[in-house]
Number of protein chains: 2
Amino acid sequence: MSAEMLKGHLDAVLLATIGDEALHGYAIIEAIRARSGGHFDLPEGTIYPALHRLELAGLLSSRWVQPDGGRKRRVYALTDGGRQSLVERRAGWQSFASGIDLVLGSRA
Amino acid sequence: MSAEMLKGHLDAVLLATIGDEALHGYAIIEAIRARSGGHFDLPEGTIYPALHRLELAGLLSSRWVQPDGGRKRRVYALTDGGRQSLVERRAGWQSFASGIDLVLGSRA
DNA sequence: AGTTATACCTAGCAATACTAGGCTTAAAAC
DNA sequence: GTTTTAAGCCTAGTATTGCTAGGTATAACT
């Protein structure tokens, strides 16, 4: 799958993956791989800058957590703005996808 | 709709829009607007460079046509490689869209 | 004569996902 | 006990790409 396809949709993927359960970056990568049915296997160099971007935009908040075993993790959760943005981006995706479907004649 | 969403999908849109009927740039813009149900209204600065890119990649061929009325037009048609690429990109889109659907939980 | 619609083009911009590297710590293997 | 592997985070730089803003030319309409 082309690398450019994801552009403009990664934020929605991240917001939806985090959802209600706070997750750290590494776990987000695995969750995306699992929930996408193996479609997406995103590298760290994609995820971490995107998380920082979303936090800077006020859609995510992060805190450092020291688990019993293992090293410190940075855990991300949706803010109120993040939840709202997720709703908008879901609608935006459906609009976009139906437009592409119409043009490609795939699912029309 | 965000401007970044289209990235990576425009080529498929162009190839599918041209399809079997040779079209010129301006008509392609109108065809995309019509067939997408108004979802996409793409500016010329998006279309023309993309057409050049696809021709350079060997997926499109162009010829200049002088119609009875009106000014000269550059008419694009799919090459064999373009037709093959369209098939692949359609499949790529479906794979991508189903991955996003799974993660967003929209159409799953 | 002037405006509008048709029709093409390009330079530069902004955004973004990825590559390729580096750093640290805990667990597992040898 | 030392080395290796996996977990976990990070960033600089790159390539691609769609868009903005501008320009040019011709035909039709007012």
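Looking at heavy-atom distances under 4.0 Å, A:G25 makes contact with sugar-phosphate atoms alone, never a base. A:G70 comes within contact range of the sugar-phosphate backbone alone, with a heavy-atom separation under 4.0 Å but no base atom that close.
Rounded to whole angstrom, the span from the CG atom of A:D11 across to the P atom of C:dA15 amounts to 13 Å. Nucleotide D:dT17 holds its C1' atom 14 Å from the CG atom of B:L51, rounded to whole Å. Distance A:L14 CG to C:dT16 C1': 13 Å, rounded to the nearest Å. We find that NZ of A:K72 is positioned 11 Å from P of D:dC10, with the value rounded to whole Å. Following rounding to the nearest Å, B:E55 (CD) and C:dC8 (C1') show an atom-to-atom distance of 14 Å. Atom OH in B:Y26 sits roughly 13 Å away from atom C1' in D:dA25 (whole-Å rounding). Rounding to whole angstrom units, NE2 of residue B:H9 and P of C:dT16 are separated by 14 Å. Distance, A:H24 NE2 to D:dG8 P: 4 Å, rounded to whole Å.
With DNA chain D read from its 5' end, the first of the two nearest nucleotides for B:P43 and A:A27 is the one closest to A:A27. In terms of position along DNA chain C, the nucleotide closest to B:R73 lies nearer the 5' end than the nucleotide closest to the other residue of the pair B:R73 and A:A50. If you find the closest nucleotide of DNA chain D to B:T46 and to A:V75, the one lying nearer the 5' end belongs to A:V75.
Ring geometry for A:H52 against A:Y76 counts as tilted: the plane angle lies between 30° and 60°, on a 0 to 90° scale.
Contact annotation: B:R74 reaches the phosphate of C:dC9 (side-chain N/O to OP1 or OP2, under 4.0 Å). Under 4.0 angstrom from either OP1 or OP2 of C:dT10 there lies at least one side-chain N or O belonging to B:H52. Contact annotation: B:Y48 side-chain N/O to C:dC9 OP1/OP2 distance is not under 4.0 Å.
At a cut-off of 3.5 angstrom, counting only N and O atoms as typed in the model, there is a donor on one side and an acceptor on the other between the side-chain of A:R71 and the base of C:dT24. The base of D:dT16 lies close enough to the side chain of A:K7 for a donor and an acceptor atom to sit less than 3.5 Å apart.
Listed candidates were D:dA7, D:dC10, C:dA7. Nearest to the side chain of A:Y76 is D:dC10. Of the candidate nucleotides D:dA7, C:dT6, D:dT17, C:dT6 has the atom nearest to the side chain of B:E30. Closest contact between the side chain of B:E44 and the listed nucleotides C:dC18, C:dC8, D:dG8 involves C:dC8.
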Run the side chain to side chain contact (heavy atoms under 4.5 Å, CB included) check on B:I18 and B:L86 step by step: do they pass?
CA-CA 10 Å; B:I18 295 174; B:L86 174 56; over 6 Å; no
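Taking CG of A:L102 as the reference point, atom OG of B:S36 lies at 7.0 Å (rounded to 0.5 Å).
When the options A:R63, A:E55, A:H24 are evaluated for a side-chain contact (heavy atoms from CB on, under 4.5 Å) with A:R74, the one that passes is A:E55.
Formation of a donor-acceptor pair under 3.5 Å by the A:E44 side chain with backbone atoms of A:Y26 is not found in this model.
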